[in-house]
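Notes follow once the structure below has been shown.
So that the names make sense, note that chain A is the first sequence line, chain B the second, and so on, each numbered from 1.
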Amino acid sequence: MATEAKAHELIVSVSPHVRGKETVGRIMWTVNLSLLPAFIMSVYYFGPLAAYVTGLCILSAVLTEHIYQVSLNKKTTIGDGSAFLTGLLLGLNLPASVPFYIPIVGSFIAIVITKLLFGGLGYNIFNPALIGRAFLLISFPRLMTIWLKPTAQFVSLDAKTTATPLGILKEGGLDQLMQVFGDKADLYMSLLVGNRAGSLGETSVIALLIGAALLLYRGYITWHIPFSFLATVGVMAWALGGDSGFFTGDPLIHLLSGGLILGAFFMATDYVTCPSIRKGQIVFGIGCGLITMLIRLKGGFPEGVMFAILLMNCFAPLIDRGVKSKMFGAIKEQKK
Amino acid sequence: MSIQKKSNWELLKNGMFGENTIFRMAISLCPSIAVTNGLKNGVALGISVMFVQTMVNITISAMRKFIHPKIRIPIFMLVIAGYVTIIDMLMATYARTIYREIGLYIQIIVAFASIFARAEVFASKNKIVPSLFDGLGMGIGFLLAMIVISFFRELLGKGELFGYSLISGNPLLIMILPAGGFLAVGLLMGFFNWVDMKFYGGKGASGV
Amino acid sequence: MGKTATFERGIHPRYHKDLTAGKSIAKAKLPQRIVVPVSQHIGAPAKPEVGIGDEVKRGQVIGSATGFVCSPVHSSISGKVTAIADFPTAAGKMVQSIVIESDGKDEAVDFKENPDYMNLGADDIKAIIKDAGIVGMGGAAFPTNVKLSPPKEKTIDTVIINGAECEPYLTADHRLMVERPKEVVEGLKIIMKSLGVNEGHIGIEENKPDAIEAMKSAVAGESNIEVRPLEIKYPQGAEKMLIKAIKGREVPIKGLPMDVGVVVQNVGTALAVYEAVRYGKPLIERVVTITGTGIKEPANMMVRIGTLMSDVVEQCGGLVEGAVKVISGGPMMGFAQWTLDVPVVKGTSGILVLAEDEYVSSDDYSACIRCGSCIDVCPMGLNPSMLSILSEKGFFEEAKEYNLFDCFECGSCAYVCPAKRPMVQFIRLAKSQVKP
Amino acid sequence: MDFFKLLELVVAASLINNFVFTRFLGLCIFFGVTKKMETAVGMSITFTAVMVVSAAISWVVYEQIMIPLDLTFLKIIIFIGIVAAFVQSADTIMKKVSPSMYYKLGVYLALITTNCIIIAVPLINAGEHYSFFESMAFGLGSGLGFALALLIMASIREKLEVADVPAPFKGLPISFIIAGLIALAFTGFSGLITL
């Protein structure tokens with residue numbers, strides 16, 4: 001029969017025989033793309049140093065992953081964009097003025113210790129970029145808290161340093177923050193566009209929100225974590241952040257400053273290290289918010305987003321264990 | 001038990017490497033991090049443990065014919081606690097600065113599983129001399145582990161060894177902090193496993 | 001009703017139904033030879049009633065039912081039995097089959113007509129349905145008479161005709177509803193009568209507006225039958241999802257539709273029931289969609305049971321150059337074939353041929369990144385991500401804690417997985433390794 | 001006011017000065033029983049209960065008997081005796097009163113005597129001269145903190161069961177690294193409450 005010859009060419013595999021078009025690489029590279037506005041703003045405010053630091057982070061992250069995998073005779077996975085993303089996020093989380101070895105050490109910790117030793121992408125417990133950053137902050141507390149003053153031009157190498165808004169708030173309170181920024185409207189505006197000291201990628205709230213909108217639109221992240229995270233921070237800031245008693249705080253200052261937007265949309269939502277069930281993600285977001293504000297208001301550090309996300313990373317497997325999605329037909333079962 | 005047939009040197013070696021308390025047996029882990037932020041503390045605790053381990057082994061071995069099996073556990077406890085008290089008081093008197101930092105961990109030697117385990121497994125069944133070498137081997141093994149870990153931690157974390165500055169610049173402060181301690185032990189353990197697997201055909205630590 | 005009915009979660013694959021949606025059902029040529037497996041249904045296999053060399057006619061019983069959950073098989077042509085042996089089937093198993101060479105005359109046995117069929121008793125109807133060898137034609141092929149005989153303690157109040165046809169590419173049910181709506185409705189009425197039920201629904205996905213129209217006008221006079229447009233979503237046609245969409249009832253975990261008082265039948269089954277009860281015609285042919293970019297002339301065809309797929313494909317112009325995969329059924333749950341020399345059986349709803357560009361290799365998958373997409377789409381509310389990881393690493397017992405056996409392998413998880421993990425394969429592996 | 005002080009003590013002992021992550025005590029048990037969630041839960045319950053009671057008993061013995069009699073130099077021996085005796089009697093009582101509970105938690109009791117936290121709590125209480133209720137609060141906080149550490153670790157290790165950890169790092173080494181990373185995250189709590 002004519003088909004006899006054909007028979008051996010047919011491919012046999014298990015259903016389904018058609019697949020959606022999403023791939024890990026597509027998702028990761030889109031996230032990278034969504035951070036582009038924030039990166040551009042960082043170069044605008046902090047000059048070529050910003051590009052240098054971020055580039056060095058990306059380069060060392062990608063190279064580290066490649067060398068590790070090649071030297072162990074494994075398939076290199078740098079094409080999926082996750083190492084690039086780790087480097088990029090680490091870079092955006094560093095101050096502009098760090099010496100060259102800080103990005104390299106940070107990338108090594110992020111890629112090797114946090115990701116590859118755990119079995120690679122998909123198995124890490126902690127967000128690699130954040131562990132890299134935390135490691136650096138604890139190791140080099142002084143170098144990691146030198147903040148350059150934003151200059152608002154692409155070329156400048158202004159060496160003037162200043163404190164971050166949250167740093168000022170912690171040290172001198174709201175009054176001093178007002179002295180530095182003028183009135184509240186000026187403060188909000190500076191925080192929105194990113195004209196303030198801080199880690200490279202965290203300053204420009206508008207640029208970050210543009211990227212976040214892309215991710216939300218594409219469905220790569222959902223509202224659950226960012227919303228519950230931001231809402232908790234807002235409520236906590238309003239309730240406990242005021243100088244004149246409960247419910248007098250200014251939630252906007254806390255929402256717009258620090259690494260909150262960057263953390264809530266781009267790092268707390270890291271698939272691998274957050275709970276995978278949506279209900280659990282809300283718990284996760286609320287936890288992040290609570291710890292962030294606890295540290296900001298009472299703790300030893302001016303900013304708590306990084307530690308909050310890392311601490312909730314610890315709890316994510318526990319949350320995943322405790323929160324199960326509702327199974328089809330489960331109501332009747334319980335009544336029995 | 002085959003252990004009884006081993007020569008004294010073998011007993012010593014077994015304690016130092018084959019059954020290294022920390023890297024191979026993975027017991028008595030607490031001090032491996034708590035006191036290894038500097039060589040001085042690490043060595044001090046290592047020597048204390050070595051002393052207690054050896055003395056307990058000798059004492060138990062000497063008393064082994066008189067201890068009724070039913071009450072052996074409290075007796076072991078008493079003997080261990082006695083020696084720990086002695087070293088605790090000695091340190092408190094003669095090594096004050098170190099004692100201030102690691103005093104709690106000296107006292108906690110009393111709850112070390114490794115000391116108890118050797119008394120139970122070895123000393124209570126063997127003559128005094130082999131027990132001495134067994135205890136000494138375990139003690140030296142522990143001391144070696146302490147030295148290795150605290151060497152790396154002090155060097156990386158402060159750029160110093162025994163308090164003498166060796167490297168200038170910005171050290172990795174984290175290495176002398178708790179987190180760095182865990183990381184250092186984990187990485188060293190992994191490294192030793194790797195060496196063992198690569199060159200001696202071992203299967204890696206059994207895990208707890 | 002403003003909103004169209006549906007269930008929670010699910011996916012929106014590309015449907016590709018336009019390849020055959022507009023093509024009326026053509027009659028396939030009389031095959032030279034048919035291969036009739038004695039087991040085309042769930043349950044015990046039928047017992048061959050003929051020997052080699054016997055002359056048979058169209059509609060003659062060649063394999064008889066051996067128990068309650070069993071269905072007889074009939075010859076779909078007239079001719080001579082030439083072999084009774086194990087042959088491959090589309091499900092990938094070797095099954096005892098009766099081979100009949102056609103004599104070209106296509107003579108039929110006398111069918112017992114029943115013009116007054118609406119006055120038959122419930123038991124008579126069920127007997128006719130059983131003798132006609134009717135099984136669920138949506139794919140599962142569960143003997144229909146068994147479904148129509150629920151245990152006494154279960155009260156059935158609703159019959160749903162499943163016209164969702166949510167599998168991409170397939171249009172067999174669609175064409176039936178467009179071309180023969182009256183007969184489908186009559187089939188539904190017979191089923192309702194046999195169960196003593198007063199409420200009937202016909203659920204149709206909204207991407208078949210002409211079918212909805214046709215069915216609506218066909219039920220115009222029937223006050224107790226309603227046509228229900230459904231949201232276009234896979235797996236809308238899965239029994240449990242369909243019941244949820246139309247009646248809002250959830251079949252309990254490990255339960256059956258009858259536990260919530262519902263019986264679901266496929267469009268094709270309804271037609272077969274009508275033809276059997278009205279004209280005495282057994283189930284010897286069915287509509288098959290032959291489609292995909294790997295087929296020269298995609299079509300909907302009335303094919304005799306037992307016709308080899310190669311015969312059918314030839315009538316559609318054959319395979320194009322670069323056709324790489326042949327699937328019996330739809331792309332989401334169908335079986336890939338290694339040969340075209342397998343017969344069309346009662347449950348074969350489609351023959352789908354994928355060309356190279358449509359084919360996605362499942363060998364090249366990576367680790368789960370826990371994006372949660374699969375959890376978002378699983379119609380059963382399971383955690384496919386965990387199931388696949390546990391199975392991949394051999395933790396089969398642990399997979400049971402994640403309700404392994406409640407998965408009905410719809411493939412939604414694998415469809416959305418960005419790491420291209422073969423989720424269904426992992427889940428099937430785990431199912432084969434542990435007891436429920 | 002007093003109540004808040006006690007509450008702070010509990011929080012400080014459980015989160016900020018978490019025994020495992022900042023004081024490195026109880027590591028043997030921490031790494032030993034966190035392979036399976038079930039054992040971790042059993043240990044957490046048993047442990048917290050034993051911790052509170054032994055803190056209370058030791059306080060009474062230390063403040064009411066040893067100090068007046070000037071026997072504080074014997075504290076190591078006496079404390080370990082107290083703990084051992086208490087654990088032993090708890091074991092016996094549980095076996096009699098609730099065999100089902102004994103069946104679930106009894107195995108952990110045997111492990112507890114060789115745990116350094118259990119002996120560290122009375123030692124620290126004695127060193128800090130906490131009051132009776134402070135001692136109990138400290139015991140409770142330490143127990144809860146240890147329980148928290150066990151639960152986190154067990155859930156992470158269960159997740160890692162299926163991960164492709166490089167062979168030399170399987171088991172204990174990777175657990176140490178996890179502990180290190182958790183400890184890194186816990187430094188975020190530092191400075192939260194200064195006692």
Side-chain angles (χ1 to χ4, degrees), chain A residues 68-69 72 74 109-110 112-128 130-139 141 170 272-273 275-276 291-292 294-322, chain D residues 4 7-8 11-12 14-18 20-22 34 36-38 40-41 44 145 147-195:
Chain A
Y68 175 95
Q69 284 168 334
L72 289 180
K74 286 185 180 171
I109 296 293
V112 175
I113 307 281
T114 322
K115 195 170 98 178
L116 296 176
L117 277 190
F118 283 79
L121 180 66
Y123 298 116
N124 48 314
I125 304 293
F126 297 91
N127 185 311
L130 283 179
I131 284 285
R133 159 112 203 276
F135 187 94
L136 294 172
L137 181 67
I138 305 293
S139 292
K170 186 123 208 164
V272 187
T273 57
S276 24
I291 300 174
T292 300
L294 206 62
I295 294 175
R296 279 188 183 179
L297 296 176
K298 304 270 174 216
F301 298 92
E303 171 59 313
V305 169
M306 173 185 75
F307 285 118
I309 297 174
L310 284 177
L311 281 163
M312 289 314 288
N313 283 166
C314 305
F315 287 96
L318 210 56
I319 296 174
D320 253 343
R321 226 175 174 282
Chain D
F4 275 108
L7 196 69
E8 279 194 349
V11 173
S14 58
L15 293 181
I16 301 150
N17 294 324
N18 184 289
V20 176
F21 299 125
T22 55
T34 50
K36 276 261 165 287
M37 197 62 179
E38 225 168 87
V41 172
S44 304
L148 185 73
L150 287 181
L151 293 183
I152 292 178
M153 194 64 181
S155 66
I156 292 179
R157 284 180 78 171
E158 269 192 358
K159 194 172 164 185
L160 271 191
E161 269 294 270
V162 294
D164 298 320
V165 177
F169 282 89
K170 277 220 163 78
L172 213 50
I174 196 74
S175 306
F176 262 92
I177 290 172
I178 298 168
L181 298 183
I182 301 176
L184 187 58
F186 265 72
T187 41
F189 283 130
S190 66
L192 211 53
I193 295 173
T194 37
L195 284 174

To the closest 0.5 Å, what do you measure between [atom1] ([X]) and [atom2] ([Y])?
X	Y	atom1	atom2	result
A:I109	D:L181	CD1	CG	8.5 Å
D:F189	A:I291	CZ	CD1	5.0 Å
D:L184	A:M306	CG	CE	7.5 Å
A:L311	D:T187	CG	OG1	8.0 Å
A:N124	D:K159	CG	NZ	8.0 Å
D:S190	A:F301	OG	CZ	4.0 Å

Please look at [X] and chain D and tell me whether the side chain, the backbone, both or neither of the residue comes under 4.5 angstrom of a heavy atom of that chain.
X	value
A:L116	backbone
A:I138	side chain
A:I125	side chain

| said: Would A:F118 and D:I177 count as a side-chain contact (heavy atoms from CB on, under 4.5 Å) here? Give the steps. | reply: CA-CA 9 Å; A:F118 283 79; D:I177 290 172; 4.1 Å; yes
| request: Report the option among D:S155, D:P166, D:A154 that has the most heavy-atom pairs separated by less than 4.5 Å from atoms of chain A. | output: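 Between D:S155, D:P166, D:A154, the count favours D:S155.
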| said: Taking side chain as everything from C-beta outward and backbone as N, CA, C, O, which of these in D:L160 sits under 4.5 Å from a heavy atom of chain A? Side chain, backbone, both or neither. | reply: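 Interface part for D:L160: side chain.
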